[in-house]
Amino acid sequence: MSHGGGASSAGVEVNLIPMIDIVIQLITFFLMLVNFDEANQDERVRLPVADLAKPTAMDVEEMLIWNLNDDGRVKVLGEPIDVDDNAFRQAVAREAAAAERSMKKAGREPKTVAGRPQLWTTIMIRADRDVEYAKVQHLIKICQDYGFYKFALRATPERK
Amino acid sequence: MRFRKLRSTTGDAKVEIQMTPMLDMIFQLLIFFILTFKPVTDEGQFGVNMSALPGGSVALPTIVPGMGSQDDTMPQDIQFNPPYRIRLVAGPGGDLAPGGVVMGDHPLAGLDQLQTELRAIVGGFADDFEVVIEADPSLRYAYLIQAVNTISHVGITKINFGAPPPPQP
């Protein structure tokens, strides 16, 4: 009985193996292209255009990205805070303290220049092209006040 | 004997693997990756090294970057050529004012002319020159990056940012 039932159910057999091969290749392709870097990038920030800003590898030990949008707010832990706000200064202070701790943990005693420890973190500034220069300048000034001195100004080589 | 027969029958029987649940999962994964796919955006950067000058400085105000230099020591201020001052004047709405690029005391037509002028001054010794950009606070950031880009085209890598002079009454 069971023999007969089995034979009737096995009608037309579709060979699924080639399809599965292709689909798994597609998955692998998309998996490879997942860019985890973009978690730090705010898509609403439209970067300024500069053809010399090539995506070259920079010698960066530690990196901290500040996304500055067109009305002068920086996203700190998902919350936009005005650069001129005291809360932003506190956030930079926290980051500076963390950077100093991690430098010490790595056995690198930060040098002190003008009473400020020189931190190894590079501040990556992703500022909107329409933001006022004063806001960018203020952001840099606050970071300098807490000992950051390596900065990078992000731009895109092509117009979007 | 019976045992052997049993073994032979199970050996001949086709083992059917249930493909449907696996296919379901694979297609779900595929759809997830297709929907979250975003081509990598091209982003570059201008590296800037901005140590605050110890003791302060009259000539160069608070922000003192030196591009491209990855030197951890103090910034080198001693040089033979005094830095060229380039002022960017903002017009209404934060745009660059007409004739808003001023090199020293000479107003220029725009950034293209700045590039030509700088190229003529610098010649082949771009490394010896330094430029201080003094931009109005209300200027849009895009124009500042354009200016940095223009100056970098000439080959000058020492670019500082300075505070603009106080507005004339």
Side-chain angles (χ1 to χ4, degrees), chain A residues 6 10 16 19-20 23-24 26-27 29-31 33-35 37-38 41 47-56 58-59 68 111 113-116 118 120 122 124-137 140-141 143-145 148-158 160, chain B residues 13-14 16 19-20 22-23 26-27 29-30 32-56 62-65 67 70 72-75 88 90 94 133 135-146 148-150 152-153 161 163-164:
Chain A
L16 291 175
M19 189 187 75
I20 292 174
V23 170
I24 289 181
L26 280 173
I27 288 180
F29 171 74
F30 285 112
L31 196 60
L33 290 182
V34 172
N35 189 1
D37 257 7
E38 287 178 2
Q41 297 179 3
L47 292 178
V49 181
D51 58 348
L52 282 186
K54 290 272 157 49
T56 47
M58 257 180 86
D59 184 20
L68 182 65
K111 285 180 217 159
V113 173
R116 288 180 287 218
Q118 300 286 286
W120 64 358
T122 301
M124 199 67 83
I125 299 176
R126 294 185 80 251
D128 194 283
R129 58 178 79 148
D130 288 335
V131 73
E132 284 183 356
Y133 168 59
K135 298 281 184 188
V136 182
Q137 200 178 24
I140 293 174
K141 176 76 175 63
C143 292
Q144 277 186 322
D145 284 349
F148 296 105
Y149 71 101
K150 293 179 187 170
F151 293 86
L153 306 175
R154 277 269 166 128
T156 173
E158 60 203 37
K160 274 190 278 186
Chain B
K14 231 179 172 180
E16 278 193 20
M19 287 288 191
T20 323
M22 191 183 77
L23 275 180
I26 285 179
F27 275 117
L29 278 174
L30 185 63
F32 170 78
F33 283 118
I34 289 175
L35 290 182
T36 56
F37 175 68
K38 207 161 57 127
V40 179
T41 45
D42 260 0
E43 275 190 29
Q45 63 263 323
F46 293 101
V48 200
N49 197 349
M50 297 192 237
S51 294
L53 285 180
T62 48
I63 299 168
V64 186
M67 274 193 49
Q70 289 294 322
D72 275 3
T73 55
M74 305 281 211
L88 302 174
I133 301 176
D136 279 354
S138 61
L139 188 77
R140 285 196 210 167
Y141 179 63
Y143 294 104
L144 184 89
I145 291 291
Q146 273 177 26
V148 171
N149 197 42
T150 305
S152 300
H153 264 295
F161 297 149

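Reminder, nothing fancy here: chain letters follow the sequence lines and each chain counts from 1. Heavy atoms only: backbone and side chains are in, while hydrogens, waters and symmetry mates are out.
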Nearest-0.5 Å distance, [atom1] of residue [X] to [atom2] of residue [Y]:
X	Y	atom1	atom2	value
A:Leu33	B:Thr36	CG	OG1	10.5 Å
A:Lys141	B:Phe161	NZ	CZ	16.0 Å
B:Phe27	A:Leu26	CZ	CG	9.5 Å

Review point. Of the listed residues (A:Leu31, A:Leu16, A:Leu68), which shares the most heavy-atom pairs with chain B below a 4.5 Å separation?
Key: A:Leu31
Point to revise | Side-chain heavy atoms of A:Phe30 within contact of B:Ile34, under 4.5 Å | key: yes
Exercise for review: Find out whether A:Ile27 and B:Ile26 are in side-chain contact, i.e. whether some heavy atom of one side chain is under 4.5 Å from a heavy atom of the other.
Suggested key: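 A:Ile27 reaches B:Ile26 side chain to side chain.
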[X] to [Y] - nearest heavy-atom pair and separation:
X	Y	answer
B:Arg140	A:Arg129	CB-O, 3.7 Å
A:Asp128	B:Tyr141	O-CD2, 3.4 Å
A:Pro48	B:Ala142	CB-CA, 3.9 Å

Review point. With only heavy atoms counted, which part of B:Leu23 is less than 4.5 Å from chain A, the side chain, the backbone, both or neither?
Key: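 Only the side chain of B:Leu23 comes within 4.5 Å of chain A.
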Point to revise | Segment of B:Leu144 engaging chain A (4.5 angstrom heavy-atom cut-off) | key: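 Contact with chain A: side chain only.
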Review point. Going through the distances and angles, do B:His153 and A:Asp51 end up as a side chain to side chain contact (heavy atoms under 4.5 Å, CB included)?
Key: CA-CA 9 Å; B:His153 264 295; A:Asp51 58 348; 3.0 Å; yes
Check your understanding: Using 30° and 60° as the class limits, which term best fits the ring planes of B:Phe37 and A:Phe29: parallel, tilted or perpendicular?
Key -> tilted
Point to revise | Working for side chain to side chain contact (heavy atoms under 4.5 Å, CB included), residues B:Asp136 and A:Tyr133 | key: CA-CA 7 Å; B:Asp136 279 354; A:Tyr133 168 59; over 6 Å; no
